[in-house]
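As structure tokens, the structure follows; a few thoughts come after it.
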Amino acid sequence: MSTTEMPKAYEAADVEKKWYPIWESRGYFHGKPTEGKEHYSVVIPPPNVTGVLHLGHVLNNTLQDILVRRHRMLGHEVSWFPGTDHAGLATERKVERVMLEKENVTREQLGREAFINRVWEWKNEYGGTIIQQLRRLGTSCDWERERFTMDEGLSHAVRKVFVELYNKGVIYRGSRMINWCPVSKTALSDEEVIYKEINGKFYHYQYPLSDGSGALVIATTRPETMFGDTAVAVHPDDERYQHMIGKTVDLPLTDRKIPIIADFHADPTKGTGCVKITPAHDPNDYEVGQRHNLPMINIMNPDGTMNSRSGVDYQGLDRFECRKKVIADLEKAGLMVKIEDIVHSVGYSERGDVPIETLVSEQWFARMNELAKPAMEAVRDGKIKFYPERWTKTYFHWMENIKDWCISRQVWWGHRIPAWYNDETGEIYVGMDAPEKNGTWRQEEDVLDTWFSSWLWPFSVMGWPEKTSELKMFYPTTDLVTGPDIIFFWVARMIMAGCEFMDEIPFRNVYFTSIIRDEQGRKLSKSLGNSPDPIDVINTYGADALRFSIIYIAPTGIDIRYSNEKCELGRNFANKLWNACRFRRLQGNTSLAFRDLNGIALNKLTPDEKWIIQRINWMAAEVNQMLDEYRFDHAVHCIYDVVWGDFCDLFIESSKVRLRNGGENKEQALAVLDFAIWRILLLLHPFMPYITEELAHQMGFLNDDESIMKAEYPTACNAVEIPDTDEQLMRLVRGKFEIAAAGRNLKASYDIPNGKKADYHIKAVNPEAAEFLKSETDSLTFLVNAGNITISLDGWDASAGVAPSVMAELGTIYLPLKDLVDVNNELKKLTDQKKQLQGWIKGSEAKLSNQGFLAKAPENVINEAKEHLDGLKLKLARTEELIASLG
RNA sequence: GGGCGGUUAGCUCAGCUGGCUAGAGCAUUUGGUUUACACCCAAAGGGUCGGGGGUUCGAAUCCCUCACCGCCCACCA
């Protein structure tokens, strides 16, 4: 135990720096598979290896750390599997950008192999940033088990899964309509496309009939795609165009003729009812093309410029430049009819932030509908539970409509698809390693979608496909904590992968975190500049303060409005706790024995002491229950209220009397303080790991080689039973504090400084209250900072001077003020009070004379209502008495 | 178009399966050098619980409906 004086204010920085390395080096974070022990495990949602910590990570990882630390203290064998994600496209683009800025080199100039080496170098140098930042937060990850999605082991798992699914026919290669990002020049999955409402134009223009009998007017938002048109469609039942079906039109700006076809896709109520069909560049048109056997003309290069099929005048133009030229040329040709303003949604690439192109391309896909079935069942059966439960709805909706997953990406950084082509024979070989057969084999250039490794994470981190003891003891994991934004990307796919490859769900509970927004409700983003750096916050307020605050303000299931100032709450709380401990230290005699009330005769405890022990017991039960229900914010509120409101404001204050008096009482008081503090520190540790560890040592509760991390977590089961502690006693203690507050209130109302001692009289409501209050006179005198307090069953004798009063549960407290009080004022106050009481009584009586209420309300509610009415009547009587005494 | 969430004090939010006079923090006002803490203490003011309807003895809470805000999915040639 340190013997140095505790500073007046808690300084987080030094404490945090001190403890983390101690915990880590002593191996406290490491979980070992152990037969016969209860195991608890969590896998981290692996942050991007290029990432830096943001508040989303803070919330997410604090929640996991709370779960993990608590389970460790409950005596379970715990492992929190950490790691990072290679984040294919994101990382590739980041390194590319740095290379371009610093050396003016593109990845193409460098070549595939050299570029990949560069990414590895970059990863090795900067990839640890977020991992170090997580340590600052205090997360107790099992770092010995840290993994990276492109580790050899995990890559092996990816290849194995790919080969297996290919052999089962789940994975196939095919030419399909996909989402294409012209900036990243790669295919994207449907989930990587973000739709934005944008202001656009709706162009109406003519396609002249080839026989010269007139023209069709079509309407489109994308005129530049007309070079890929292979038909114009009208609805089969559309009267206006019946006679034209089967004819052809001259496609303007080209020398092609295209047919007019009848297809129900054409909506007579939209635009002109005529729609141009571009099968190679629009999903709906693709379907129409399939139905009518239309040719597909791809008119675009991978970078979004027009190719030679667009004609010499347009080829090479960017798609949006081309649009302008097409419009101008149509106008020149006199074919443009009108241009309308329109708001429509356009798909954007998540990474490139440019409009994507839908086009037909040769890609690798995974059929998901069969994989989805057992995964849906697992959630439907309750084997996997979602918190909040409503997210199951989103899950089912997606799973029921699941589409094939485009898993190939035209980037270099990632798991290269284990497929080889023989150009001579046209064979395709898919296997764990390159084919040894004769002939020239060329490996597939594409890599897999990042999520194709993430979906294996819960078992690949444990060494799958090897049959490891980790898998045996830690799989399935218990809890998963993640954001609802990746329910499709990750959560659903992990469930499918677990069911498919492990024949077992990957986790039992999924807790979906809130999304953090700024004070105006906007999403946090770098470009808006409204995304605070958590490391700055930690430096300013402390990691514990950040953790505590963010949980305190995070409602379950709805968005959080965050601002740095809100961390003051956690900082202030930490400081409050620090000073409560500091107060205890200043009393001397810290003893290890006291933390467990050893050597203290429990039957001699004072009512206050019994009361605080009960409160602590209650808090322990409550916190555990709240955490079992994943109601983190409630758990934190509960601790805050009991520690600040009950322990500091009431108990510590009232204990000062006993401490001052010394003797046996003092030792007992110290022991109860120690007991309360120790339990508070234990309960709080998962939320505020640093300060609780520091204080546990400062207070002498632990030896230097011990840690609060390894102590037993308080629960309802290990609560301390205190003799002669019933509800009635609790009520009396509460009542005493209430009277004290009433006494202070009187001083404040009459502008008497609290520092000035004043005499009081208390009229107790009954002999029991009188007896109790008398036994607590010292305490009351101190709490009110009174001179002299008389307690009896009689009211204040007004002949001795006017005494304003306040009523409380246990009695009425009078502050005799002689000439300082205006009697009329007092009378008015009391008359108002009387009126108010009469109003309440009237309401209460009305309720109790309501036959319906008496007949239908449950008995306890009726009894409570009666007691309440009695209480009101008593107060009214007391009020009338007071009025009479003044009159 | 379909789904989900939100609307309670000036602000941010509690309020569980309906049941005493709807709570907390911040902010505001007032007072305070009581031997832990001004990152503090004491006290005060402030809400017809988004509108309307219904169920019920009783509704912030359950149902219907409308409005507004936000998110997700589908679609918008």
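Atoms considered below: every heavy atom in the structure, side chains included; atoms not considered: hydrogens, waters and symmetry mates. Here the structure is a predicted model, which is why all the values come from computation and not from measurement. Order of the sequence lines sets the chain letters (A, B, ...), proteins ahead of strands, with each chain counted from 1.
Among the protein residues, K566(A) comes within range of the sugar-phosphate backbone only, with heavy atoms under 4.0 Å from sugar or phosphate atoms but none that close to a base. At a threshold of 4.0 angstrom between heavy atoms, the contacts of E653(A) include nucleobase atoms, whether or not backbone atoms are also involved. Among the protein residues, A865(A) comes within range of no part of the nucleic acid, since none of its heavy atoms lies under 4.0 Å from any strand. C648(A) comes within 4.0 angstrom of a nucleotide base, judged by non-hydrogen atoms across all strands. Using a 4.0 Å heavy-atom cutoff across all strands shown, H868(A) reaches at least one base atom of the nucleic acid.
In this structure, a donor-acceptor pair under 3.5 Å is absent between the side chains of T225(A) and D229(A).
Contacts between residues 572-579 of chain A and RNA chain B, defined by a heavy-atom separation under 4.0 Å, are made by N572(A), N575(A), K576(A), N579(A). A heavy atom lying under 4.0 Å from RNA chain B marks the following residues of residues 837-851 of chain A, by number: W840(A), K847(A), N850(A).
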Can you name the atoms? Protein N/O to nucleotides 15-17 of chain B N/O, anything below 3.5 Å, with the distance.
| residue | atom | partner | partner atom | Å |
| --- | --- | --- | --- | --- |
| G15(B) | OP1 | H634(A) | NE2 | 3.4 |

Can you check nucleotides 42-49 of chain B for protein contacts, nitrogen or oxygen pairs under 3.5 Å, and list what you find?
| residue | atom | partner | partner atom | Å |
| --- | --- | --- | --- | --- |
| A42(B) | O3' | R744(A) | NE | 3.1 |
| A44(B) | OP1 | N745(A) | ND2 | 3.4 |

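As a whole-Å value, the separation of D285(A) CG from C75(B) C1' is 14 Å.
Considering only residues two or more places apart in sequence or on other chains, Y562(A) meets the side chain to side chain donor-acceptor pair (under 3.5 Å) condition with N564(A). Checked against salt bridge (charged side-chain N to carboxylate O under 4.0 Å, His left out), R731(A) has no partners two or more places apart in sequence or in another chain. Judged as a ring pair (Phe, Tyr, Trp, His ring centres under 6.0 Å), and not counting sequence neighbours, the contacts of F488(A) are W398(A). The side chain to side chain donor-acceptor pair (under 3.5 Å) test applied to K866(A) returns no partner, not counting sequence neighbours. For W644(A), the ring pair (Phe, Tyr, Trp, His ring centres under 6.0 Å) test picks out Y640(A), with sequence neighbours left out. Annotation: side chain to side chain donor-acceptor pair (under 3.5 Å) contacts of D832(A) (sequence neighbours excluded): K828(A). In this view, E350(A) satisfies the side chain to side chain donor-acceptor pair (under 3.5 Å) rule with no residue, not counting sequence neighbours.
Checking C72(B), C73(B), G19(B) against the side-chain heavy atoms of P858(A) singles out G19(B) as nearest. In this structure, the nucleotide among C39(B), G25(B), C37(B) sitting nearest to the side chain of R582(A) is C37(B).
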Dot-bracket notation for RNA chain B is requested: 5' to 3', Watson-Crick or G-U wobble pairs only, both distances under 3.5 Å, with ( ), [ ], | and . as defined.
-> (((((((..((((.....[...)))).(((((.......))))).....(((((..]....))))))))))))....
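At a cut-off of 3.5 angstrom, the base of A38(B) holds no donor-acceptor pair with the side chain of K8(A).
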